[in-house]
Amino acid sequence: MSSPASYAEARRTAGAAATLPPVQRGLKDSIGGLLTEPITAQLDIPHTATSAMDGWAVSLTDQPQWRLRGEGAQRPDAVLEALAPGEAAEIVTGSPVPAGTHSVLRTEHGQVVSTAAEAAQLRSHSATPDLEPGRNIRPAAAEAKSGQLLCSPGQVVTPAIAATAAVAGHDTLTVVPAPRVRLILTGGEVITSGIPRIGQVRDVFGLALPAMISAMGAELADSRRAEDDVAAVVELIDSASADLIITTGGTAGSAADVLRPALARLGAEILVESVQMRPGHPALLARRGSTLVLGLPGNPLAGFTALAVLGEPLIRALRGAVPAVTSCTRPAGSDLQGPRAGVRIIPAQIRDHAVHPVSHSKAHMMRGLAQAHAFAVVPAGGAPAGTPVECLDVPGASPPARPLQGD
């Protein structure tokens with residue numbers, strides 16, 4: 001095994017690995033993709049003036065009374081002829097207001113009066129504000145004019161953005177899609193239910209990684225399990241129709257570790273051999289053709305640490321997000337012990353805007369990570385209390401709890 005990459009170098013390599021090409025997709029399928037072209041209004045929004053209330057479209061008159069037209073709009077798609085002076089017509093919310101409309105009189109603010117000697121009359125309540133010009137009318141182009149920019153490129157398409165595009169007249173969007181991931185879980189000692197016997201462990205990666213991968217912006221194509229067998233891992237990598245393969249376990253160099261021999265057999269290019277960090281140093285990143293392979297160490301905390309360090313910038317890069325390598329800094333809430341070389345990455349909580357390490361954070365443990373808001377990256381020599389510390393997201397973790405309003 002060649003020399004490990006530094007923490008910063010490994011993240012830069014992951015963040016520059018590849019970007020998927022843009023594709024055109026229907027609005028529903030574009031959700032989760034990164035928008036590469038602007039969304040502009042293809043028409044005025046609304047494209048015609050409409051009623052904001054159920055009631056009556058009324059014309060301008062000097063009397064609080066109108067001749068009520070016999071035929072009105074019973075549905076939002078009904079289009080009425082122009083109102084004559086002194087005339088009113090029934091209308092519902094969303095209906096186009098007819099030409100000649102002064103305002104919309106709400107149902108609760110008017111009364112229909114009918115006698116045998118005269119046609120139906122509409123009267124308004126004396127105190128209603130509905131006779132002000134334009135009252136209860138949504139003007140055309142109130143939200144946007146045709147050609148106006150609504151959403152800029154570089155945003156992840158949310159359900160609300162897709163719905164906005166629909167209102168703006170679009171049927172498709174051009175996006176960099178979420179990368180598709182095949183998950184390969186290795187380890188004959190791993191069981192998925194029950195109490196493990198001596199020599200067995202419960203599966204954590206098969207349980208947590210799908211949700212973590214989704215939270216990071218990727219799409220799980222499928223999940224496969226493999227014994228600690230080189231040929232089996234070769235077949236699962238070779239048969240994958242995915243942009244990214246994430247494997248768990250088998251990344252070190254012992255006789256039981258199968259990923260590196262499998263990659264060698266496939267002729268894969270190793271981009272990151274290992275990383276100068278604890279835990280998670282045997283993590284690796286490789287490329288075979290257009291498919292990337294991210295190998296996570298088998299110890300639970302080590303594997304999830306490697307996912308945060310390498311997986312986050314890798315998935316951001318594949319999605320076309322800029323910048324691909326991101327983090328934030330917080331002051332150390334106490335003295336943080338660092339390694340002799342490289343970096344030490346510890347689960348931490350953010351309290352009072354400062355970083356506080358959690359207990360039970362050895363490479364094989366899960367208890368500490370369950371309480372963590374972030375990974376703190378502690379350099380060689382440590383970080384005294386108050387000094388800035390780089391922090392990474394824990395994939396899928398909830399942010400620090402906030403008090404409810406009024407508490």
Closest non-hydrogen atom pair between [X] and [Y], with its separation:
X: Leu392; Y: Ser327; answer: CD2-CB, 3.7 Å
X: Ile191; Y: Pro196; answer: CD1-CA, 3.6 Å
X: Pro96; Y: Ile91; answer: O-CD1, 3.8 Å
X: Leu80; Y: Gly72; answer: CD2-C, 3.7 Å
X: His281; Y: Ser274; answer: O-CB, 3.1 Å
X: Arg260; Y: Pro282; answer: NH2-O, 3.1 Å

Do other residues, nucleotides or ligands put more than 12 heavy atoms under 6.0 Å from [X] [atom1]?
X: Ile195; atom1: CD1; value: no
X: Glu189; atom1: CD; value: yes
X: Glu132; atom1: CD; value: yes
X: Arg69; atom1: CZ; value: yes
X: His47; atom1: NE2; value: no
X: Gln337; atom1: CD; value: no
X: Arg351; atom1: CZ; value: yes

Begin with the C-alpha distance, continue with both residues' side-chain angles, and end with the deciding distance and a verdict on side chain to side chain contact (heavy atoms under 4.5 Å, CB included) for Leu284 and Val272. CA-CA 5 Å; Leu284 67 85; Val272 175; 5.7 Å; no
When you measure from the side chain of [X] to the backbone of [Y], do you find a donor-acceptor pair of N or O atoms at a distance under 3.5 Å?
X: Ser214; Y: Ala211; answer: no
X: His364; Y: Ala302; answer: no
X: Asn136; Y: Ala52; answer: no
X: Thr19; Y: Gly320; answer: no
X: Glu273; Y: Ile270; answer: no
X: Arg316; Y: Pro323; answer: yes
X: Ser59; Y: Gly86; answer: yes
X: Arg288; Y: Gly267; answer: no
X: Asp352; Y: Ala354; answer: no
X: His170; Y: Ala165; answer: no

Between [Y] and [X], is there a side-chain heavy-atom distance shorter than 4.5 Å?
X: Thr251; Y: Leu296; result: no
X: Arg319; Y: Pro179; result: yes
X: Ser152; Y: Pro38; result: no
X: Ile345; Y: Val378; result: no
X: Leu105; Y: Trp66; result: yes
X: Asp54; Y: Val92; result: yes
X: Leu263; Y: Val293; result: yes
X: Pro388; Y: Arg330; result: no

Do Arg106 and Thr128 meet the criterion of a side-chain donor-acceptor pair at a distance under 3.5 Å?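 Distance-only check fails for Arg106 and Thr128.
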Measuring from [X]:[atom1] to [Y]:[atom2], what's the distance to the nearest 0.5 Å?
X: Asn299; Y: Thr248; atom1: CG; atom2: OG1; value: 11.5 Å
X: Arg224; Y: Arg182; atom1: CZ; atom2: CZ; value: 4.0 Å
X: Leu259; Y: Ile184; atom1: CG; atom2: CD1; value: 8.5 Å
X: Glu312; Y: Thr326; atom1: CD; atom2: OG1; value: 5.5 Å
X: Thr291; Y: Ile237; atom1: OG1; atom2: CD1; value: 10.0 Å
X: Tyr7; Y: Arg344; atom1: OH; atom2: CZ; value: 14.5 Å

Taking Arg225 as the fixed residue, which of Leu236, Thr192, Leu183 is the one that meets the side chain to side chain contact (heavy atoms under 4.5 Å, CB included) rule?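 Testing each of Leu236, Thr192, Leu183 against Arg225, the sole residue satisfying side chain to side chain contact (heavy atoms under 4.5 Å, CB included) is Thr192.
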Report the C-alpha distance between Asp44 and Ser146 in whole Å, list the side-chain angles of each, state the deciding distance to 0.1 Å, and finish with yes or no for side-chain hydrogen bond (donor to acceptor under 3.5 Å, both in side chains). CA-CA 5 Å; Asp44 289 343; Ser146 179; 5.0 Å; no
Pair Met216, Leu307 - check side chain to side chain contact (heavy atoms under 4.5 Å, CB included), show working. CA-CA 10 Å; Met216 295 165 71; Leu307 182 68; 3.9 Å; yes
Show the numbers, then the answer: is there a side chain to side chain contact (heavy atoms under 4.5 Å, CB included) between Thr93 and Arg138? CA-CA 10 Å; Thr93 302; Arg138 298 165 179 161; 4.0 Å; yes
Is a salt bridge present between Arg180 and Asp243, judged by a nitrogen-to-oxygen distance below 4.0 Å?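 So Arg180 does not pair with Asp243 through a salt bridge.
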Pairwise ring-ring contact (aromatic ring centres under 6.0 Å, His included) hits with a residue in residues 188-226, at least two apart: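 Pairs touching residues 188-226 that pass the test: Phe205-Phe304.
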With side chain to side chain contact (heavy atoms under 4.5 Å, CB included) as the test, would you mind laying out the steps for Glu90 and Trp56 before giving the verdict? CA-CA 4 Å; Glu90 187 177 5; Trp56 300 272; 4.0 Å; yes
